[in-house]
Structures are given as C-alpha cells and as structure tokens.
Amino acid sequence: MTDKVRIDTLGANSSNGNNQTYLARQAEFESNVRSYPRKLPLAIAKAQGVWITDVENNQYLDCLAGAGTLALGHNHPEVLQSIQSVIASGLPLHTLDLTTPLKDQFSEYLLSLLPGQGKDYCLQFTGPSGADAVEAALKLAKKYTGRSGMISFSGGYHGMTHGALAVTGNLGPKEAVDGMMPEVQFMPYPHEYRCPLGIGGEAGVKALSYYFENLINDVESGVRKPAAVILEALQGEGGANPAPVEWLQRIRKVTKEHGIVLILDEVQAGFCRTGKQFAYEHAGIEPDIIVMSKAVGGSLPLAVLGIRKDLDVWSPGHHTGTFRGNQLAMAAGLTTIKYLKEHNIADKVAAQGEWLKGKLADMQKRYPVMGHVRGLGLMIGIEIVKPHETPDHMGSYPADPELSALLQKKCFEAGLILERGGRNGTVLRLLPSLLITNAELEIFMDKFENALLAAGIKPV
Ligand SMILES: Cc1ncc(COP(=O)(O)O)c(C=O)c1O
C-alpha cells in the first residue's frame with residue numbers, strides 16, 4: 001500500500017521547517033513566475049475566519065482573503081459543511097458540464113441574483129478561472145456582433161490569458177508578449193485623485209463621458225465599432241478605483257444605442273464586496289454579459305458568465321473546458337452566495353466601508369503619506385504619496401511606490417496581510433472577508449498605524 005498524503009506533517013506542528021525553509025524549497029520547486037511569496041514571505045499552516053497562522057505559529061490578520069475569493073473568510077463552518085455533504089452524498093466531484101441536482105440548485109439561485117431575477121439571462125460555466133470566463137465573454141461578443149474590436153480601459157484588470165491580457169491595462173506583463181489579441185482600443189478610466197485628462201472633479205468625469213461617446217460616434221475616430229466594451233465598475237487590481245455612476249450610465253446608454261455588447265467584469269467586485277450584490281448596481285445599469293468568479297465558488301475554483309438570453313449565439317461546444325463541473329465549488333459557492341443574501345451582508349459591508357473610510361480619513365490627517373483613500377464597501381485602497389513634494393495642478397501629490405512597498409512589508413511584520421495595486425503598486429488594498437467585524441477592522445487600523453511608525457513615518 002502506498003503512503004497516504006499526510007498534510008499534518010506539513011502543518012503547524014511540523015518540525016520540518018520554518019517559513020524560510022519552506023520558501024527556499026518553494027523557490028527550488030516553482031518557476032520564477034511566483035509572485036505573492038515575494039511580498040508575503042510565509043508558509044501557511046492554518047487559517048480561520050480573518051486569521052492566518054504560519055508554520056512558526058505567527059498570526060496574521062488576512063486582509064487579502066485569496067484576492068477577495070474568501071467572501072466568508074477562511075474555513076467558514078457552513079462552507080466546510082457543504083463540502084463535506086457533497087463528499088458524503090456520493091455525487092461525482094466533477095462532471096464536465098453535465099448537470100446534477102446540486103448544479104441545478106446552484107444555477108437557479110445564481111440566476112436569481114442577476115438583473116430582473118435573471119429571467120432574461122442564462123449561465124455559461126467556463127473553465128474555472130476568471131480569465132477563462134473573460135475569454136468566453138470576448139469571444140461571444142465577437143460571435144454575436146460579427147465585429148472583432150474591443151474597448152477596454154486604463155487601469156483595468158481582466159486576467160493573464162492572451163485575450164484577457166490584451167484588454168488589461170498593466171503594461172508590465174504585456175512586455176515581450178507578442179501576438180496579443182488585435183484591435184483593442186484603450187480609453188481613459190475616470191480617477192478621482194488622478195484624472196487621466198488632467199481636469200479632475202465633475203468636469204473631468206463629464207469630459208471622459210463625452211470623450212467615450214464621441215469616439216463611438218465619430219466616423220473619423222480611426223476606431224472601428226467594437227464588438228464589446230469590457231470594464232470593472234470598481235477597478236480592483238487597478239487600485240480600488242470606483243467608476244462614477246454617471247459615467248457608467250453613459251457607457252450603458254451609448255453601447256445600447258450602438259449595439260455594442262457591454263461586459264461587466266465582476267470577478268473581484270461581485271457578490272456584496274462593494275456593498276451591493278454586484279458593483280454595476282451602484283449605477284442602476286444592466287450589463288449584457290456579467291463575468292463572475294472568485295467568491296462565486298465560495299473559495300474553490302469556479303467561473304460563470306451571466307449572458308442576456310438574446311446574446312446566447314453559442315453553438316454547442318464552441319467554448320468548452322474540462323473543469324466546468326466542480327461540485328465542491330458549486331456547494332461552497334451556493335452556501336456562500338445564499339449566506340451573503342440571507343444575512344444581508346451587502347448592507348453590512350456598505351455601512352462598514354463608509355465607517356472605515358471615515359476612520360482612515362481621520363488617520364490621513366495625521367499621516368499625509370496616505371494621499372487618497374477610496375473604494376466602496378470592503379474594497380478599499382490607500383494611495384501612498386510624497387506629501388513633501390509639489391502637488392500637480394489638481395492638488396495630487398506624486399505617488400510613492402517605494403514607501404508603499406515598505407509599508408506592505410512593515411504591515412506583514414506587524415501581522416497584517418495587505419495587497420498592493422494601482423500604478424506601480426502605490427495603493428495598499430483592503431480586500432478582507434466580508435464577515436470581518438468592526439473590532440477586527442480596529443485591529444487593522446492599529447496594525448496599519450504601527451506599520452507607518454515602523455516605516456519611520458511620524459504623525460503630524
Ligand atoms: C476583475 C478581474 N477580472 C479577472 C480576473 C482574472 O481572474 P483569474 O485570476 O481567476 O484568472 C481578476 C483576478 O484578479 C480580476 O480581479
């Protein structure tokens with residue numbers, strides 16, 4: 001008989017190694033492409049709720065939560081129970097796209113969260129990553145319209161596969177990758193602190209809305225009418241940057257008038273993260289395609305598109321993928337999305353976001369390196385700046401990516417896991433479990449302030 005895999009020998013009670021030995025072995029085993037361990041150098045032994053424990057028994061407040069995947073935090077008892085009940089039920093763990101009673105329930109419930117309780121939408125289960133769901137959405141928009149172009153926005157993040165990367169703003173991972181999907185036109189995305197038109201305020205948003213509409217209408221814009229516009233209603237990786245409501249509404253209006261498919265990428269912002277079920281709801285708009293992943297699988301891999309039925313021009317099998325039938329993910333996902341709805345977590349998150357932004361605004365007065373606090377619900381960003389340098393004509397200070405990186409490190413040393421995002425990683429981002437309590441957010445505030453002090457930042 002072969003040895004069973006013994007996870008306990010790798011866990012907290014292990015005498016096998018400390019963080020450094022695990023990290024060194026990881027570096028030996030894995031490609032140079034690994035990223036998080038460079039910023040968060042730990043080996044995780046266990047996790048519960050908003051807390052992570054490493055193999056040396058250090059505890060961290062986890063404000064990354066699997067990049068927003070863990071809507072109910074680590075190892076939520078109801079999520080674990082749902083996984084165990086699938087295992088005990090005799091259901092196959094994986095079914096391609098064959099249906100099961102569990103998948104049937106999951107689909108009905110997920111559809112009920114979409115606009116109009118989903119009566120005009122159908123679902124497409126894609127390969128389990130957000131990027132594959134984005135690929136499917138782009139392809140479907142092309143097939144539906146018979147056009148090939150895409151409009152995307154600066155600061156947008158849609159994944160790392162070729163098509164998804166082509167519509168992603170960040171130039172770093174695009175360098176030296178030739179043969180990107182052609183005909184992608186980037187447009188400027190509004191930014192309260194760093195208006196891309198250099199105008200700022202209401203006038204900046206109005207100009208951006210006008211610019212978008214004009215580009216679509218202008219027969220000499222040089223840009224062929226696209227198949228789709230893809231965007232996040234609140235950019236996550238782009239630095240917790242919410243779109244103004246009137247801008248989103250204008251985009252919906254113009255895309256509808258021109259028969260352009262509007263794809264809302266809710267991979268990160270969906271499922272109550274921003275204080276609404278979906279982030280587009282802040283603008284009261286209805287997308288043509290909704291891209292969902294992360295929280296929809298309740299911490300396990302799953303990705304789904306919500307497609308307006310009249311757009312569903314797929315022929316059978318024209319976008320497949322082996323792993324579209326993960327029953328454990330559907331069980332965990334159904335438990336998660338039901339929990340969020342039944343406990344009205346969206347309202348709790350909305351209120352908490354405002355409370356937290358208020359607290360951070362107070363802290364900002366004492367620590368002007370916190371140049372801009374933004375976001376909605378529990379998707380909050382703090383842009384780190386150089387407050388002693390000359391601000392630009394909109395009153396915004398130069399970004400300080402070095403200090404932001406140092407603060408992430410000091411947070412980690414203070415037992416706080418925070419992600420960075422935005423241009424050059426200058427935005428410290430909060431993306432915790434949606435069940436985090438105000439008391440735990442107070443701990444976040446204390447640890448964050450300790451990190452500022454440890455980085456040599458003195459309060460004013
Ligand atoms: C908005 C958004 N879209 C797409 C993706 C890609 O998802 P995945 O990493 O699962 O491919 C991400 C990942 O962070 C995301 O934040």
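Only a predicted model underlies this, so the values are computations on that prediction, with no experimental measurement involved. Remember, it's 1-based here, ligands and their atoms both numbered in the order they're listed.
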So, does Lys348 use its side chain to make a donor-acceptor pair with the main chain of Leu434 at under 3.5 Å?
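Here the side-chain-to-backbone pair exists.
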Only one of Glu237, Gln408, Glu419 clears side-chain hydrogen bond (donor to acceptor under 3.5 Å, both in side chains) with Arg429; which?
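When Glu237, Gln408, Glu419 are each tested with Arg429, the side-chain hydrogen bond (donor to acceptor under 3.5 Å, both in side chains) holds only for Glu237.
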Lys341 atom NZ, over 12 foreign heavy atoms within 6.0 Å
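No, the 6.0 Å shell around NZ holds no more than 12 heavy atoms from other groups.
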What distance separates Ser293 OG from Asp265 CG, expressed to the nearest 0.5 Å?
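Going from OG on Ser293 over to CG on Asp265, the span is 9.5 Å.
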Look up atom CD in Gln124 and atom OG1 in Thr320, then write down how far apart they are to the nearest 0.5 Å.
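Nearest 0.5 Å value for the CD-OG1 distance: 10.0 Å.
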Less than 3.5 Å apart, N/O on ligand 1 and N/O on the protein: could you list those pairs with the distances?
unit_1, atom_1, unit_2, atom_2, d
ligand 1, 3 (N), Tyr157, O, 3.4
ligand 1, 3 (N), Asp265, OD1, 3.2
ligand 1, 3 (N), Asp265, OD2, 2.6
ligand 1, 10 (O), Gly130, N, 2.8
ligand 1, 11 (O), Gly130, N, 3.4
ligand 1, 11 (O), Ala131, N, 2.8
ligand 1, 14 (O), Lys294, NZ, 2.9
ligand 1, 16 (O), Gln268, NE2, 2.9

Is the centre of the Trp247 ring less than 6.0 Å from the centre of the Tyr210 ring?
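No.
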